[in-house]
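Worksheet for the structure shown next.
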Amino acid sequence: MAEAAHRAGVVAILGRPNAGKSTLLNHLLGEKLAIVSAKPQTTRSRILGILSRDNVQILFLDTPGMHESEKPLNVALNELVDSAAAECDLGLLLVDPIGGWGEDHVALHARLTARGCPVIVAATTTDLENRKRIAWPAGAPALRPISAQSGEGIQGLLAEIAAQLPVSPPHYPADQLSDRPLRFLAGELVREAAFEELGQELPYALAVDVVEFDEKRMDLVRIRADLLVERRSQKQIVIGTGGQVVKRIGVRARREIEALLGTRVHLELWVKLEPRWARQPKRLKSLGYS
Ligand SMILES: Nc1nc2c(ncn2[C@@H]2O[C@H](COP(=O)(O)OP(=O)(O)OP(=O)(O)O)[C@@H](O)[C@H]2O)c(=O)[nH]1
Ligand SMILES: [Mg+2]
């Protein structure tokens, strides 16, 4: 008997901010590739997570939350969503049942199906009590309940995705986990640590620029990163009294980066005032956000 054909393709994980896209990506890969937070618009770039199984390679593309706004950073983020939707082999549209199915979902769904791209719609966070009894509007596509927390619906989701991908050889070696360099992922972990340490005080426009990533030594990776803020007052908040805050960000980030790299890490952080970083397309690009 002939073996089942190998399938491979790009699955864009799409949805509003905070729908649980990055959490799902990490759960599916069993590795923390994408940073997660309770704040909307955590993801600022496309990250490909590569899941290789016997007869299928699924390239999960995490995307920023779709969100209408005129701010240049948002415009750049929405462009990433648009191009992911235009290029994927399958759209996985995640919907938080509390927010419900809206015009934005309808539009995205229509765009994908118009070019013949299969779409799977999933309701996320179904482990939460208040997500269980949400009424779904008549006429909305069938949805599949999933939870990255309890694992509900995840294996079935993978099987459904695999069945709909094109017949193709693998695109990447089976042991490769992401298309993003470790240098970029390390910067993202610094950004996540800042989210956690700063809480409500987090400036909306905080970016991390990894200016040095030195792997010359086998047992120690040296990283220097700048935390960019737009205002002098924010610089003071991120530094904290006597440098306490940035120090805590560094301790937390170093732990996470060491776990990712599997080596010791020397991490040096500098807080820098760069008033226009979020308004300059070139700068957004050099930071990996477009
Ligand atoms: N209980 C529960 N919480 C979840 C689940 N999935 C995500 N969350 C939480 O929801 C919040 C948002 O998750 P993210 O994965 O950052 O959401 P996102 O869609 O990537 O958000 P953006 O990158 O901002 O667009 C975080 O606090 C997660 O811990 C889930 O299955 N169950
Ligand atoms: Mg995200």
Side-chain angles (χ1 to χ4, degrees), residues 11-49 60-69 71 73-85 91-102 104-105 108 120-134 143-158 178 180 184-185 187-200 202-208 256 278 287-290:
V11 175
I13 309 180
L14 301 161
R16 289 182 190 160
N18 255 351
K21 301 177 292 297
S22 300
T23 307
L24 179 68
L25 178 81
N26 294 338
H27 178 86
L28 290 167
L29 294 175
E31 188 87 38
K32 185 143 147 211
L33 274 191
I35 69 170
V36 164
S37 89
K39 296 203 168 195
Q41 297 186 288
T42 304
T43 302
R44 286 194 189 149
S45 52
R46 312 184 343 166
I47 294 184
L48 197 62
F60 285 104
L61 195 54
D62 188 17
T63 65
M66 53 178 182
H67 173 80
E68 281 313 315
S69 161
K71 286 186 191 165
L73 177 58
N74 275 306
V75 171
L77 297 186
N78 278 328
E79 279 168 8
L80 295 179
V81 177
D82 287 344
S83 67
L92 175 57
L93 187 48
L94 300 189
V95 186
D96 178 342
I98 292 263
W101 179 256
D104 46 350
H105 296 118
L108 189 58
I120 298 174
V121 184
T124 56
T125 59
T126 54
D127 56 290
L128 299 170
E129 255 330 293
N130 61 357
R131 263 51 171 199
K132 288 195 203 301
R133 287 178 298 274
I134 300 291
L143 88 169
R144 167 182 274 287
I146 58 164
S147 164
Q149 185 77 34
S150 68
E152 181 192 2
I154 299 292
Q155 290 311 316
L157 175 69
L158 282 176
S178 176
R180 286 286 187 160
F184 174 81
L185 299 176
E188 288 289 277
L189 290 171
V190 173
R191 202 155 63 81
E192 184 180 59
F195 270 67
E196 285 171 11
E197 289 297 336
L198 289 162
Q200 290 309 314
L202 180 88
Y204 168 70
L206 177 109
V208 175
E256 294 283 338
L287 290 166
Y289 299 157
S290 70

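For ligands, and for the atoms within them, numbers begin at 1 and follow the listed sequence.
For atom 12 (C) of ligand 1, the nearest non-hydrogen atom of the protein is Asn18 OD1, 3.0 Å. Shortest contact from atom 17 (O) of ligand 1 to any protein heavy atom: Gly20 N, 3.2 Å. At the shortest separation from atom 32 (N) of ligand 1 among protein heavy atoms lies Asp127 OD1, 2.7 Å. Of all protein heavy atoms, the one lying nearest to atom 13 (O) of ligand 1 is Thr23 OG1, 3.4 Å. Looking only at heavy atoms of the protein, atom 29 (O) of ligand 1 is closest to Val36 CG1, 3.9 Å. The nearest protein atom to atom 18 (P) of ligand 1, hydrogens excluded, is given as Lys21 N, 3.5 Å; this is a heavy-atom distance.
Taking all atoms of both residues into account, the shortest heavy-atom contact from Asn18 to Lys39 is OD1-O, 3.4 Å.
With Ser22, Gly65, Gly15 as candidates, the residue nearest to atom 20 (O) of ligand 1 on a non-hydrogen basis is Ser22. Scanning Thr125, Ile13, Leu77 for the heavy atom closest to atom 30 (C) of ligand 1 points to Thr125.
Using a 4.0 Å cut-off to heavy atoms of Ala38, the atoms of ligand 1 that qualify are 27 (O). Atoms of ligand 1 lying under 4.0 Å from at least one heavy atom of Ser37, given by number and element, are 11 (C), 12 (C), 13 (O), 16 (O), 26 (C), 27 (O). Atoms of ligand 1 found under 4.0 Å from any heavy atom of Gln41 (numbered from 1 in listed order, with element): 22 (P), 24 (O). Of all atoms in ligand 1, numbered sequentially from 1 with element shown, those under 4.0 Å from a heavy atom of Ala148 are 31 (O). Every atom of ligand 1 is numbered from 1 in the order shown, and the set under 4.0 Å from a heavy atom of Ser147 is 31 (O).
Checked by atom type, the side-chain pair Ser37/Thr42 shows a donor-acceptor distance below 3.5 Å. Looking only at atom types and distance, the side chain of Glu68 has no donor-acceptor partner in the side chain of Asn78 under 3.5 Å away. Counted by atom type alone, Asp127 and Ser150 present zero donor-acceptor pairs between their side chains at under 3.5 Å.
Proximity of a side-chain donor or acceptor of Lys71 to a complementary backbone N or O of Ala278 within less than 3.5 Å is not detected. Remark: the backbone N or O of Ile13 is paired with a side-chain donor or acceptor of Thr63 at under 3.5 angstrom. With hydrogens and angles disregarded, a donor-acceptor distance shorter than 3.5 Å links the side chain of Glu192 to the backbone of Val36. Using a distance-only test at 3.5 Å, with no hydrogens or angles considered, no donor-acceptor pair links the side chain of Thr124 to the main chain of Leu94.
Close N/O approach between Leu128 and ligand 1 is not found [any backbone or side-chain N/O within under 3.5 Å]. When only interatomic distances are considered, the shortest N/O to N/O separation between Gln149 and ligand 1 falls below 3.5 Å. Considering backbone and side-chain N/O atoms, Thr42 comes within less than 3.5 Å of an N/O atom of ligand 1.
Using a 4.5 Å heavy-atom cutoff, the side chains of Val121 and Trp101 are in contact.
Contacts between Leu24 and ligand 1 below 4.0 angstrom, taking non-hydrogen atoms only, are absent altogether. Of all the heavy atoms of Thr43, the ones lying under 4.0 Å from any atom of ligand 1 are found in both the backbone and the side chain. Residue contacts with ligand 1 for Pro40 involve N, CA, C or O but no side-chain atom from C-beta outward (heavy atoms, distance under 4.0 Å).
Taking 2.8 Å as the threshold, Ser22 counts as a candidate ligand of the Mg ion (ligand 2), since one of its N, O or S atoms lies below it. Distance check for Thr43 against the Mg ion (ligand 2): an N/O/S atom falls below 2.8 Å.
Taken from OG in Ser22 to CG in Leu24, the straight-line distance is 9.5 Å, to the nearest 0.5 Å. Within the model, atoms CZ of Phe184 and OG of Ser178 stand 8.5 Å from one another, a figure rounded to the nearest 0.5 Å.
Electrostatic pairing of Arg44 and Glu188 does not count as a salt bridge here, judged by no charged N lying under 4.0 Å from a carboxylate O. By the 4.0 Å N-to-carboxylate-O rule, Arg16 lies close enough to Asp104 to be salt-bridged with it.
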